[in-house]
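Here the structure is laid out as structure tokens; the discussion comes afterwards.
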Amino acid sequence: IGLVGAGINHPYNRPKRFFCSQYVAWLFQQAGLVFFHKDCALVRPEDIRQAFQNYMIYEGRLCDYRGFLKSGHLYQAREMQEQMNTQQAG
């Protein structure tokens, strides 16, 4: 139902139920990273692709990802958000 709502630009939120791009947007929102200036239920996969097309957060083997998270490099995402907001405002 939520996916249909996104298709007609009408957010439909249900507790603990997400479609894929809505879930990604919600996770960012919960982490305090606001990349999308619309309801999470309206974020589409294309929005995510466009928001991150110029930024690589991780490249490597999946089995090495846990070590990457422990290294603290993921917090560079906050800097990336600031850069994106600056570019959008300019």
Side-chain angles (χ1 to χ4, degrees):
I1 294 176
L3 192 57
V4 173
I8 60 172
N9 205 32
H10 181 74
Y12 184 76
N13 293 298
R14 296 182 345 178
K16 299 183 183 179
R17 288 183 171 78
F18 302 94
F19 55 92
C20 60
S21 55
Q22 178 185 16
Y23 184 61
V24 170
W26 180 82
L27 287 173
F28 280 124
Q29 184 182 60
Q30 295 302 303
L33 302 168
V34 181
F35 294 109
F36 313 102
H37 300 286
K38 55 183 164 181
D39 190 292
C40 294
L42 297 177
V43 174
R44 299 174 184 207
E46 179 65 17
D47 297 325
I48 296 169
R49 188 191 68 76
Q50 286 180 356
F52 296 99
Q53 68 184 356
N54 295 322
Y55 301 95
M56 182 182 311
I57 294 174
Y58 177 78
E59 180 178 47
R61 299 180 320 167
L62 186 57
C63 64
D64 296 331
Y65 187 67
R66 184 173 290 196
F68 168 77
L69 291 175
K70 290 180 181 179
S71 71
H73 288 96
L74 189 58
Y75 293 104
Q76 292 175 348
R78 290 191 188 276
E79 294 174 15
M80 181 174 60
Q81 179 191 11
E82 290 174 11
Q83 289 175 358
M84 290 172 64
N85 289 340
T86 302
Q87 288 176 356
Q88 290 176 355

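Here the straight-line distance linking atom CG of Asp47 with atom NE2 of His37 works out to 11.5 Å at 0.5 Å rounding. Here the straight-line distance linking atom CD1 of Ile48 with atom CZ of Phe36 works out to 5.0 Å at 0.5 Å rounding. Within the model, atoms CZ of Arg44 and CD of Gln50 stand 11.0 Å from one another, a figure rounded to the nearest 0.5 Å.
The minimum heavy-atom distance between Ser21 and Val43, with the atom names listed, is OG-O, 2.7 Å.
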